[in-house]
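Remarks on the structure that follows.
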Amino acid sequence: MTLAFYDTLTKEKRAFAPLDRDRVRMYVCGPTVYDFAHIGNARPVIVFDVLFRLLRHLYGAEHVTYVRNITDVDDKINDRAARDYPDLPLNQGIRKVTELTERQFHEDVDALGCLRPTIEPRATEHIAEMRAIIEKLIAGGHAYVAEDHVLFSVATMPAYGQLARRSLDEMLAGARVDVAPYKREPMDFVLWKPSKPGEPSWPSPGGITVAGRPGWHVECSAMAWKHLGERFDIHGGGIDLVFPHHENEIAQSCCAFHQQRMAETWMHNGFLQVEGEKMSKSLGNFITIRQLLADWPGEVLRLNMLKTHYRSPIDWTLKGLEESAKVLDEWYALSGAAGNRSEEPARPDQSVLDALCDDLNTPRAIAELHQLRSKAVHGDGAQFLQALTGSLRFLGFLKVSDAEWNAAKQKSAGVDAQAVEALIARRREARAQKNFAESDRIRDELAAMGVVLKDGKDAEGRPVTTWEIAR
Ligand code: AMP
Ligand code: ZN
């Protein structure tokens, strides 16, 4: 078994070996906290959660540090605070917006079965590190002060553009670059800028006398440095972050710390679209994790995400969700019968592990789970059942009890359990009175609601009717 990941920087799949086996280090760009996260934002969270679980398994849980930041300095946050809390001073409004959004984000991704990262640093708590990096860049001739801004001088870094694989001219043509009179070159980007009155502000670096705030890119360089050091193993995020965000992170960190690389491996998830279209508020197909969780158990969303390889684009569809729910139902029907799920060790089958070690090939891992299920049903049950259950738990599934899974399914199917029970009681009465026409009518009514009845007998031989949701 070799562990290998595709690296966006070198554009090849490379064998992975951590710089320090006792401290495997991964950084993933986290949310900007101003509103509910959408289902596209859930993709890196779920993908890198699977990677985190894999690394913990291979190197030992205590030897892996996963940092995912919280961006709590941003114009969108300021705008939201001014809109939602017009009577509060801006700073207090901002605190309310970021605290609320962070709580919502945690609730959502917890429901998706994601482990919390080892550290979730907030940008506003790392201003000193940002200033320190900026001072190093100025001292090294990589940054300059102009009109109370500090700018990174792209011309001082010959390797600039290596991640995005674009020349300066191509980047200029493709990017919406702010052309500002104080920039030496149009591609130079902001490390620090003055704050507008009332906005959050901190003492500025570079001898600037007015208070200011950091640019977005330097936030991640600073948080990664503080928690993972000058150079670390894996840096991840969505493909949209390659340029300019990650290109600029590399420029800042490599020039400040005199390193050839910032991260050994750069991993990027592909984009998510909805029913064949780009997700956007204007198209009306913008879905939050929260909205989906109202209709589907979180584990269905998780499986649906992992059916596609992380680097491919994913088309998020209702049909796909229905299929994912059906698959989980089959697995759970089987592995739920294996006993107390929460006490089963989260031990992946070797076939599942091999698939994940091959650039996190989750579709192949899922195909292996299907194999395990089919062997458990048709062949030597117990051994394969254990392998299926252990693999599911390892992948972040089977965290719910049978009762919870059933309740979640009922909810997502829009079935009112009390109404079902009442209809079953009426059918029982009809059958006791030998009114089979009525009892059949009730069975049909329930079937139309998506409820399937199973008639059987209890231990004392009395007739009992159980029911489940047919998908
Ligand atoms: P943002 O809050 O927009 O900075 O995004 C947070 C994370 O979600 C980043 O890693 C983005 O790359 C990722 N992301 C945003 N939209 C999508 C999408 N539609 N599909 C996949 N990933 C996305
Ligand atoms: Zn970042």
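Counting starts at 1 for both ligands and their atoms, in listed order. None of the values given here were measured: they were computed from a predicted structure.
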**Study point:** Element-labelled atoms of ligand 1 that are located less than 4.0 Å from some non-hydrogen atom of Gly238
**Key:** 10 (O), 12 (O)
Review point. Between Asp22 and Tyr59, does any side-chain donor sit less than 3.5 Å from a side-chain acceptor?
Key: no
Check your understanding: Hey, looking at atom 21 (C) of ligand 1, which of Ser280, Gly40, Pro313 has the closest heavy atom?
Key -> Gly40
Review point. Between the side chains of Asp72 and Thr124, does any donor sit under 3.5 Å from an acceptor?
Key: yes
Review point. Taking only heavy atoms of His38, which atoms of ligand 1 are found under 4.0 Å from at least one of them?
Key: 15 (C), 16 (N), 17 (C)
Check your understanding: Vertex the Zn ion (ligand 2): angle to NE2 of His245 and SG of Cys220, to 10°?
Key -> 110°
Exercise for review: Measure from the side-chain N and O atoms of Asp233 to the backbone N and O of Arg25, and report whether any donor-acceptor pair falls under 3.5 Å.
Suggested key: yes
Review point. Do any N or O atoms from the side chain of Asn269 and from the backbone of Arg311 form a donor-acceptor pair under 3.5 angstrom?
Key: no
Check your understanding: If we ignore angles and hydrogens, is there a donor and acceptor under 3.5 Å between the side chains of Thr317 and Asp315?
Key -> no
Exercise for review: Show which atoms of ligand 1 fall inside a sub-4.0 Å distance from at least one heavy-atom site of Gly270.
Suggested key: 21 (C)
Exercise for review: Could you verify whether a donor N or O on one side chain and an acceptor N or O on the other, from Asp354 and Gln350, lie under 3.5 Å apart?
Suggested key: yes
Exercise for review: Heavy-atom contacts with Pro44 under 4.0 Å: which atoms of ligand 1 show up? List them by number with element.
Suggested key: 7 (C), 8 (O), 10 (O), 13 (C), 22 (N)
**Study point:** Ring geometry between Phe257 and Trp225 (parallel below 30°, tilted from 30 to 60°, perpendicular above 60°)
**Key:** tilted
Check your understanding: Taking atom 3 (O) of ligand 1 as the point of reference, which of Val47, Thr32, Asn41, Leu241 owns the nearest heavy atom?
Key -> Asn41
Practice item. Give the numbers and elements of all ligand 1 atoms closer than 4.0 Å to a heavy atom of Leu272. Key: 18 (C), 19 (N), 20 (N), 21 (C)
Exercise for review: Check whether any heavy atom of Gln273 sits under 4.0 Å from an atom of ligand 1.
Suggested key: no
Exercise for review: Classify the contact between Asn269 and ligand 1 as side chain, backbone, both or neither, using a heavy-atom distance cut-off of under 4.0 Å.
Suggested key: side chain
Check your understanding: Is the cationic atom of Arg68 (NZ for Lys, CZ for Arg) positioned less than 6.0 Å from the six-membered ring centroid of Phe48 and within 45 degrees of its normal?
Key -> no
Exercise for review: Please say whether Phe271 places an N or O atom under 3.5 Å from an N or O atom belonging to ligand 1.
Suggested key: no
Exercise for review: Provide the number and element of each atom of ligand 1 under 4.0 Å from a heavy atom of Asp240.
Suggested key: 11 (C), 12 (O)
Point to revise | Gly236 heavy atom under 4.0 Å from ligand 1 | key: no
Point to revise | Thr71 and Asp74: side chain donor to acceptor below 3.5 Å | key: no
Check your understanding: Quick one: angle Glu249 OE2 - the Zn ion (ligand 2) - Cys29 SG, to the nearest 10°?
Key -> 100°
